[in-house]
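Just so we're clear, the structure is a prediction, and the values are computed from it rather than from any experiment. Below, chains carry the letters A, B, ... as their sequence lines are ordered, and counting in each starts from 1.
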There are 2 protein chains.
Amino acid sequence: MTVTLADVAARAQVSPATVSRVLNGNYPVAAGTRERVLRAVDELDYVLNGPASSLAASASDLVGILVNDIADPFFGIMAGAVQSEIGPGGRAGGERLAVVCNTGGSPERELTYLTLLQRQRADAVVITGGAIEDAEHMNALAAKMERLTDAGTRVVLCGRPPAPDTGAVALTFDNRGGGRRLTEHLLGLGHRAIGYIAGPEERTTTRHRLEGHRAALAAAGLPDGETVHGPYDRSSGYDAALELLRRDPSLTAIVAANDSVALGACAALRDAGRRIPDDVSVAGFDDLPFSIDTVPALTTVRLPLYEAGARAGRIAMSREKEPPGGVATVHGELMVRGSTAAPRG
Amino acid sequence: MTVTLADVAARAQVSPATVSRVLNGNYPVAAGTRERVLRAVDELDYVLNGPASSLAASASDLVGILVNDIADPFFGIMAGAVQSEIGPGGRAGGERLAVVCNTGGSPERELTYLTLLQRQRADAVVITGGAIEDAEHMNALAAKMERLTDAGTRVVLCGRPPAPDTGAVALTFDNRGGGRRLTEHLLGLGHRAIGYIAGPEERTTTRHRLEGHRAALAAAGLPDGETVHGPYDRSSGYDAALELLRRDPSLTAIVAANDSVALGACAALRDAGRRIPDDVSVAGFDDLPFSIDTVPALTTVRLPLYEAGARAGRIAMSREKEPPGGVATVHGELMVRGSTAAPRG
DNA sequence: TTGAGCGTAGAAAGCGCTTGCTATGAGGTT
DNA sequence: AACCTCATAGCAAGCGCTTTCTACGCTCAA
């Protein structure tokens with residue numbers, strides 16, 4: 001029914017071993033023989049049986065990429081960059097199956113996907129985005145990562161703090177520094193009543209950005225401002241902005257956990273009759289593609305998502321040597337645009 | 001080194017066959033035995049060898065999802081919906097490895113990924129987004145899909161025209177109808193000079209949306225308006241809008257191939273000193289999440305991306321019966337918002 | 001001429017799992 | 001008491017490939 005190696009071998013009048021060697025190209029085969037084999041492969045429309053091959057070679061060409069939310073361009077951009085370095089058509093040339101798995105931000109699903117990838121004996125795994133700060137989950141995750149690296153699977157974290165003693169390489173985003181510079185910018189403009197819309201609690205990204213924000217306030221001798229937590233999406237930003245306004249109608253600036261949240265906040269402010277930036281300044285984080293096109297354009301912290309993803313991909317493929325200590329920090333760049341200005345009067 | 005089924009069997013004092021049956025749960029095993037086996041699995045931290053299992057059972061738990069651009073929420077939303085029906089934590093409960101593959105819109109990569117999935121003996125494949133209308137590629141693709149379905153892999157197209165005689169089920173988007181209604185809306189407002197920013201040529205999505213647009217014009221007795229082609233992204237929209245303005249400075253409306261393009265067009269119009277919608281109306285397509293938050297909010301055609309993706313996922317899992325004839329059409333809904341208005345004077 | 005050395009190909013032993021078939025008892029029947 | 005039925009469990013034969021080891025010519029140097 002389905003064509004096997006043996007069929008190809010028979011057709012090319014060689015042994016299965018030779019066909020395998022032609023296909024893998026890791027053993028000398030005479031040019032004529034090779035050609036005969038390739039012709040047979042073509043004529044029979046032969047497709048290698050991946051499982052059989054992986055079993056025999058105890059290695060696969062599968063690389064997994066975990067993302068928290070595939071519908072969010074923040075992850076899409078990183079995932080695309082990783083794939084561009086790994087998958088078909090990538091610089092590597094290898095025909096690897098670079099696949100992205102959507103955890104939806106759920107710790108269990110993160111672990112399940114990791115197990116599934118371990119089951120497939122994945123070559124490498126790239127985990128993108130922030131982590132959940134739950135002790136139990138962190139332990140389970142660390143244990144899993146360690147088992148993966150022990151089994152020879154390279155694990156690279158992209159946009160997540162290092163996981164010590166797991167063998168995983170980390171490309172960490174400087175969320176704290178970015179958050180701090182952003183708030184410093186606002187303080188520099190003269191804002192003193194600044195509301196903060198944070199991401200979901202228990203996420204490293206959320207915490208670090210908030211810490212940076214508060215560090216800037218503290219450095220200026222100011223207390224923490226009003227803070228509201230919520231998911232990383234526009235409607236959360238919308239609701240949170242209204243809530244902040246309710247708590248402190250006199251606030252002159254809102255810092256959002258990311259650009260999508262900022263976008264929702266802008267909509268809420270407009271609906272509440274506040275002009276941006278005249279009445280209230282708004283700032284985001286990430287600098288997603290749409291952020292330059294909002295009205296007014298969004299002040300934000302640009303994270304080099306594509307570059308970081310690409311680098312993570314190369315490290316996963318061992319085409320770039322890992323950073324010293326297995327950890328590198330990726331910095332953001334403050335992008336000052338029209339959504340922030342000095343507060344009135 | 002690595003723990004195998006046999007190790008678990010030894011520890012649980014049963015045969016490997018029994019362990020396998022406990023793990024697969026498709027054969028009666030006495031409760032006590034099952035428990036002993038599960039304990040051993042746990043104690044040894046056993047993880048099934050996927051390739052070996054797939055080889056022996058000649059079936060895998062891999063489901064592939066192909067997308068044209070993973071950084072575009074249009075695809076991210078669909079992919080996420082498919083995964084929600086298939087992957088871990090999904091309604092199916094099965095621990096399937098639902099993976100998304102980014103073709104980047106390249107025909108070769110599309111084929112390569114399909115081959116890679118065929119190689120892994122994927123359970124099912126969902127292909128999202130429009131197709132390339134190149135005869136050679138279409139044939140190759142059809143042949144590949146046919147071979148996949150022949151081998152028992154269910155193939156579902158989501159947002160792509162049917163592929164007759166390939167065994168693939170298609171959930172097609174009514175791009176033509178949506179495009180037509182959108183332009184009818186503009187005509188109804190009184191616009192006569194309407195520019196069109198199309199997507200890349202040779203894509204079904206591009207062609208159908210444009211055809212709908214022109215059908216509306218023709219029905220109103222108007223000739224085709226100015227048209228510019230470009231990629232489906234904001235900078236393409238920016239450039240194209242300027243080009244349209246150059247060609248016809250008096251145009252009163254611009255229809256864009258999708259929302260991202262429309263966003264770029266809006267930016268260009270603003271930079272050119274035109275007010276929206278006072279001077280020029282702008283419309284998009286898809287109704288991505290950000291579209292309601294643009295200023296002014298974008299008139300567009302809402303496509304039920306999540307619902308369509310979820311349905312594609314269920315069909316791929318045979319949890320919903322396929323539509324009659326293997327083809328169903330998904331309609332869009334015109335969303336009239338602030339970016340379109342009657343032309344002045 | 002003989003033997004070493006090289007380039008190339010084949011034989012065959014698995015890789016770790018699934019599953020059809022067979023074996024074994026316990027419980028129920030007549 | 002002998003027999004039949006189930007419910008469970010084990011045996012063993014693969015699944016289709018990779019890879020080690022061996023074999024077979026040849027060429028080339030001694």
Using whole Å, what does the distance between atom [atom2] of nucleotide [N] and atom [atom1] of [X] come to?
X        : N      : atom1 : atom2 : answer
B:Arg119 : D:dG16 : CZ    : P     : 16 Å
B:Leu5   : D:dA12 : CG    : C1'   : 15 Å
B:Leu55  : C:dG16 : CG    : P     : 12 Å
A:Leu23  : D:dT19 : CG    : C1'   : 15 Å

Under a 4.0 Å N-O cut-off, is there an ion pair linking A:Arg154 with A:Asp123?
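The answer is no: the pair does not qualify as a salt bridge.
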Taking the basic N atoms (NZ, or NE/NH1/NH2) and the acidic carboxylate oxygens, is any pair closer than 4.0 Å for A:Glu320 and A:Arg311?
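Judged by the 4.0 Å cut-off on N to carboxylate O distance, A:Glu320 and A:Arg311 do form a salt bridge.
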Assign [X] to base, sugar-phosphate, or nothing according to its heavy-atom contacts below 4.0 angstrom with the strands shown.
X       : value
B:Ser54 : nothing
A:Ala17 : base
A:Ser58 : nothing

Would B:Val41 and B:Leu23 count as a side chain to side chain contact (heavy atoms under 4.5 Å, CB included) if you check the C-alpha gap in whole Å, the side-chain angles of each, and the deciding distance to 0.1 Å?
CA-CA 9 Å; B:Val41 165; B:Leu23 262 23; 4.2 Å; yes
For [N], does either OP1 or OP2 sit under 4.0 Å from a side-chain N or O belonging to [X]?
X       : N      : result
B:Thr4  : C:dG16 : no
A:Thr33 : C:dA9  : yes
A:Thr18 : C:dG10 : yes
B:Ser15 : D:dC11 : no

Side chains of B:Ser15 and B:Thr18: any donor to acceptor distance under 3.5 Å?
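A donor-acceptor contact under 3.5 Å links the two side chains.
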Choosing from [options], which nucleotide comes nearest the side chain of [X]?
X       : options                : result
B:Ala52 : C:dG16, C:dT18, C:dG14 : C:dG16
B:Tyr27 : C:dC21, C:dG16, C:dA9  : C:dC21
B:Ser20 : C:dC17, D:dT19, C:dT18 : C:dT18
A:Arg21 : C:dG16, C:dG10, D:dG10 : C:dG10
A:Leu48 : C:dA11, D:dC11, D:dC17 : D:dC17

Nearest-nucleotide wise, let me know which of B:Ala30 and A:Asn26 is further upstream toward the 5' end of DNA chain D.
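The 5'-side residue here is B:Ala30.
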Closest nucleotide of DNA chain D for B:Pro16 versus for B:Arg121: which of these residues is on the 5' side?
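Per heavy-atom nearest nucleotide, the more 5' residue is B:Pro16.
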Let me spell it out: for each of A:Pro28 and B:Asn24, pick the nucleotide of DNA chain C with the closest heavy atom. Which residue's pick is nearer the 5' end?
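Nearer the 5' end of the strand: A:Pro28.
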Donor-acceptor pair, distance only, cut-off 3.5 Å: does the side chain of A:Thr112 make one with the backbone of A:Glu108?
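Yes, A:Thr112 side chain to A:Glu108 backbone: donor-acceptor pair under 3.5 Å.
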